[in-house]
Number of protein chains: 2
Amino acid sequence: MTTETRKPVRLDDLDRNILRALQADAGQSLDEIARQVGSSKTPVWNRIRKMRDAGVMGPSTVVVDPEALGLEACFFVLIRTSEHETDWQQKFLAALRARPEVQEAHRLAGEIDYILKVRVANARAYDVFYQALISEVRVFNVTALLSMEEIKSTVALPV
Amino acid sequence: MTTETRKPVRLDDLDRNILRALQADAGQSLDEIARQVGSSKTPVWNRIRKMRDAGVMGPSTVVVDPEALGLEACFFVLIRTSEHETDWQQKFLAALRARPEVQEAHRLAGEIDYILKVRVANARAYDVFYQALISEVRVFNVTALLSMEEIKSTVALPV
DNA sequence: CCTGAAAACAGACCCCC
DNA sequence: GGGGGTCTGTTTTCAGG
């Protein structure tokens, strides 16, 4: 069993400023971040380490342009189901996690049970995904919303 | 005026493997990436530079745990509007881009015109956001879907 | 286009304040 | 807990095959 790091860390202004800088560009040098937040190398490094250990931030990643990979279609999928047994749910979650085209999956409150964000090459590829999904698990109703334009997409949280 | 980098770059297998490694952890050393993809430092570095220059990948970032920042509520907002003049649209887009709690905004095909993903501290904070938004621009119908559980959330695209 | 070495650089850890 | 220096490893560059 993996020990989930769940320490309740208090973040002060310096921590938050560092997070902001790292979210903007994680490739910056410590000196540069230190300059931006009005501090010096060592404190910045100590806080980064602290926040990493506490699980406040995950590993750094690069954001890749989907179009460069030929992923030109983005769907939001609204799912209603009639099944709510743990058994069904486990199977459904496993299916979602296994599919790399699913970028986000949330269980919702209210009439709609789940929402997915799915990135695929085109409408045809979405249909392949959809058929595969409903063959794995029973769902009651599925609505796919096709994105025409990505107005905004950011991984940065307001710090 | 910024020159939008829009070169159509062909990515071969080595490029894609490098992207996969960087998406998993952008903090790895070149040697380690080179080892993973079965190549050597310099070629890996050349391709990274090429892809950066071509805009295939953006700057590296860190993924921050929303709960650590006290952002415990996530809403998907479905918006219908009756207004479709460019003037209204410009104002709407500007409002979305200006609000840091909006993590994603897409213009959709079909009955629903827009979908937003909004991260806030709690339901109260969402209402503040919502009231502010509808006071800035007229919308016809708004449905907010509250996320109960984030089943999956990844920034990594299938490469 | 890759290999290997050399130079510039930044990250990790120290002691002192 | 922050300031500054130092050592180590990494990034970046470049000559050569």
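Lettering of chains follows the sequences in order, A, B, ..., and the numbering in each one begins at 1. Computed from heavy atoms alone, side chains included, the values below leave out hydrogens, waters and symmetry copies.
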Intra- and inter-strand pairing of DNA chain C, written as dot-bracket with Watson-Crick and G-U pairs under 3.5 Å and | for the latter, reads ||||||.|||.||||||
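The side chain of A:T42 has C:dC14 as its nearest neighbour among C:dC14, C:dG11, D:dT12. Among D:dT12, D:dT6, C:dC2, the nucleotide with an atom closest to any side-chain atom of A:K41 is D:dT6.
B:Q28 places its CD atom 12 Å from the P atom of D:dT10, with the value rounded to the nearest Å. Residue A:I48 contributes atom CD1, which lies 13 Å from atom P of C:dC13 at whole-angstrom precision. One can place CG of B:L30 at 16 Å from P of C:dG4, the figure rounded to the nearest angstrom. Separating the CG atom of A:D31 from the C1' atom of C:dC9 is a distance of 10 Å, rounded to the nearest angstrom. One can place CG of A:N46 at 14 Å from P of C:dG11, the figure rounded to the nearest angstrom. Separating the CD1 atom of A:I33 from the C1' atom of D:dG2 is a distance of 17 Å, rounded to the nearest angstrom. D:dG1 atom P lies 13 Å from atom CD1 of A:I18, rounded to whole Å. In this structure, A:L22 atom CG and C:dG11 atom P are separated by 10 Å, rounded to whole Å.
Put simply, B:W45 has no side-chain N or O that comes within less than 4.0 Å of OP1 or OP2 on D:dT11.
Open room surrounds CG on A:D87; 12 or fewer heavy atoms of other groups in view lie less than 6.0 Å from it.
Put simply, the side chain of A:S29 and the base of C:dG11 share no donor and acceptor less than 3.5 Å apart. Side-chain atoms of A:S39 and base atoms of D:dG2 include no donor and acceptor less than 3.5 Å apart.
In this structure, B:K41 does not pair ionically with B:E32, as no charged nitrogen and carboxylate oxygen lie closer than 4.0 Å. By the 4.0 Å N-to-carboxylate-O rule, A:E101 lies too far from A:K117 to be salt-bridged with it. Taking the charged nitrogens against the carboxylate oxygens, B:D15 and B:K50 do have a contact shorter than 4.0 Å, which makes a salt bridge. Ion pairing between A:R119 and A:E150 holds under the 4.0 Å rule for side-chain N and carboxylate O.
Take the nearest nucleotide of DNA chain C for B:S40 and for A:R49: the residue whose nucleotide is more 5' is B:S40.
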One pair to check against salt bridge (Lys or Arg N to Asp or Glu O under 4.0 Å): B:R80 and B:E111. What are the steps and the verdict? CA-CA 7 Å; B:R80 268 177 263 241; B:E111 264 195 57; 2.9 Å; yes
Assess the residue pair B:K91 and B:E83 against the criterion (salt bridge (Lys or Arg N to Asp or Glu O under 4.0 Å)); give the C-alpha distance rounded to whole Å, side-chain angles, the decisive distance to 0.1 Å, and a yes or no. CA-CA 11 Å; B:K91 225 176 131 191; B:E83 326 227 4; over 6 Å; no
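Looking at heavy-atom distances under 4.0 Å, B:E32 makes no contact with the nucleic acid at all.
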